[in-house]
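Everything below concerns the one structure shown next.
Bear in mind the structure is a predicted one, so any value in this text is a computation, not a measurement.
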Amino acid sequence: MTIAFNPFDPAQVDDQLDTLAALRHECPVAEVVPGVFYLAKHEDIIEVCRAPRTYRQGRFLPLDQDTRTPDQLNLGETDPPDHTGVRKVLAALLSPGRVRAMAPFVEAVCAQLVEGFAGRSPGRADMIADLGVPLPGAVIGPLTGIPPQYHGQLRQYSDDYMARVDPDPDVASAAGARVDEFDAMVRDLIRARRAGTERPDDLLSGLVDCVDSEGRPLSEDKVLVHLTKDLVVGGTETTTHLIGNLFYNVCQDPAVYTRLRDDRSLVPVAVEETLRISGPVQVLFRVPATATTVRGVDVPAGATVALGYASANRDEDVWEDADTFSLDRGEELRKHHLGFGFGVHLCVGAALARLEAVSALNAVLDRIPRMELAPGFEYQRVPFFMMRGPVRVDVRW
């Protein structure tokens, strides 16, 4: 049986839940687009992620839109051993211990941002513009090694990077030009750091000092892409979407908001449940190095295997009442959801993203006793096919 679904089409991704359910139940491994095999079941995605030598990393862009060289690929598009050294640099900077040490700073940033809108009368806010956008940039900026005067541009850079594949050629061209301009500034920083003797404890220093599997320094392109695309774009775009989805979920039902306000131990649960039911990353890709079989379906070498995280996180074989946002799923929730992926490519910034989301929700609960979605609000997803995040989240109190 064939079910029509194009995971690269933003319009289809906007309204995909019924289609994903049909895929899970009727053809959990399906060639939805010629050469693209969509995996809809949690179990199958786990098995593929456990076999990185068989299933190599795919790219984040459809091949017909991708003109990048190997040195310009994101960390999540590369395989060991090249992937391993860079990941160690990022993991050291974003280790659980270092992230815990950042908690007072992140909490202070959140409190300051919430203070900026909590006193409005009448009580109205857009949780994207007022909190989801400024928070990640304020947190990520100091980690990068990019000078403070550019930190205010990080969100625009992230938006522009995503807009380079906008269907409107004028929008895409203008966004690409702004990305190139910012990248030129960062290239100057990379060259200056390499030429100097100062090595501040930041990501730029870590990448400049990093060597590849053959002992060679990373190319300028590699340092640039890991700094700007992996940390800046990866650390702002997805966290903004996580915060937006979190407040959308929490503010749909005033009883949920009240329960969280009264029992703060449930705040991390709300974040994990958001990562499950509406995780920012909807799909990632693998490419089999050899011909393989998944659930009895032959998948040729070189095909694209789409890991349907959005589907797996609603798999009825794993989750009871899978389409419902619930604060009562227990310890198994964090163990099994795929909101940060799985395996060797598990999101390296997961601890920081969790800290930001928990701190953001706590800061709002501290200052605003009641909050709900604004009357008539309708969720509009950002246009990039891989992502699920709202353009805005209008609330009132």
Side-chain angles (χ1 to χ4, degrees), residues 99 102-103 105-118 120 123-143 151-163 231-252 256-257 260 267-268 270-282 325 339-340 347 349-368 371-374 377-384 386-397:
V99 168
M102 291 176 63
F105 167 68
V106 175
E107 290 163 0
V109 171
C110 289
Q112 182 179 24
L113 290 171
V114 172
E115 196 63 34
F117 61 81
R120 291 175 186 167
R124 297 285 189 275
D126 168 12
M127 301 306 286
I128 295 295
D130 289 317
L131 186 57
V133 165
L135 172 58
V139 172
I140 289 293
L143 301 177
H151 292 176
Q153 301 177 28
L154 297 184
R155 175 64 199 195
Q156 183 62 54
Y157 177 84
S158 182
D159 289 344
D160 286 336
Y161 183 72
M162 293 296 182
L231 192 70
V232 172
V233 177
T236 58
E237 196 76 17
T238 53
T239 303
T240 294
H241 300 333
L242 171 58
I243 290 171
N245 289 334
L246 174 63
F247 280 96
Y248 176 74
N249 291 333
V250 165
C251 293
Q252 287 191 73
V256 170
Y257 188 91
L260 288 166
V267 168
V271 172
E272 299 301 324
E273 179 70 340
T274 293
L275 286 162
R276 181 192 71 84
I277 202 169
S278 46
V281 179
Q282 298 286 281
F325 179 84
F340 288 123
C347 175
L352 182 58
R354 284 182 165 115
L355 171 63
E356 291 176 273
V358 167
S359 300
L361 181 50
N362 269 322
V364 172
L365 294 168
D366 285 345
R367 285 288 282 114
I368 301 175
M371 181 180 282
E372 63 184 0
L373 294 177
F377 174 78
E378 294 186 4
Y379 188 108
Q380 179 184 350
R381 191 184 65 86
V382 294
F384 189 41
M386 283 177 59
M387 295 292 175
R388 179 158 295 274
V391 173
R392 58 187 302 122
V393 177
D394 295 320
V395 297
R396 70 176 184 180
W397 58 90

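Contacts of Tyr157 classified as ring pair (Phe, Tyr, Trp, His ring centres under 6.0 Å), with partners at least two apart in sequence or in another chain: Phe182. Remark: Glu107 pairs with no residue by the salt bridge (charged side-chain N to carboxylate O under 4.0 Å, His left out) rule, at least two apart or across chains. In this structure, Phe377 has no ring pair (Phe, Tyr, Trp, His ring centres under 6.0 Å) partners at least two apart in sequence or on a different chain. With sequence neighbours excluded, no residue forms a ring pair (Phe, Tyr, Trp, His ring centres under 6.0 Å) with Tyr257. Under the rule for a side chain to side chain donor-acceptor pair (under 3.5 Å), the partners of Glu372 that lie at least two apart in sequence or sit in another chain are Arg396. Looking at residues two or more places apart in sequence or on another chain, you find no side chain to side chain donor-acceptor pair (under 3.5 Å) involving Gln252. Scanning for side chain to side chain donor-acceptor pair (under 3.5 Å) contacts around Gln112 gives an empty result, with sequence neighbours left out. Qualifying salt bridge (charged side-chain N to carboxylate O under 4.0 Å, His left out) partners for Arg388, counting only residues two or more places apart in sequence or in other chains: none. Legend: residues meeting salt bridge (charged side-chain N to carboxylate O under 4.0 Å, His left out) with Arg124, ordered by chain and number and at least two apart, are absent.
At a threshold of 4.5 Å between non-hydrogen side-chain atoms, the residues His151 and Pro142 count as touching. Within the 4.5 Å cutoff, side-chain heavy atoms of Leu143 are placed close to those of Met102.
A side chain to side chain donor-acceptor pair (under 3.5 Å) check over residues 238-247, counting only residues at least two apart or in different chains, returns the pairs Arg155-Thr240, Glu237-His241, Asn245-Tyr379. For residues 126-140, the side chain to side chain donor-acceptor pair (under 3.5 Å) pairs, not counting sequence neighbours, are Arg120-Asp130. Identified under the salt bridge (Lys or Arg N to Asp or Glu O under 4.0 Å) test for residues 351-361, with sequence neighbours left out: Glu272-Arg354.
For the side-chain contact (heavy atoms from CB on, under 4.5 Å) with Leu365, the qualifying choice from Val114, Leu260, Val250 is Leu260, the only one to do so.
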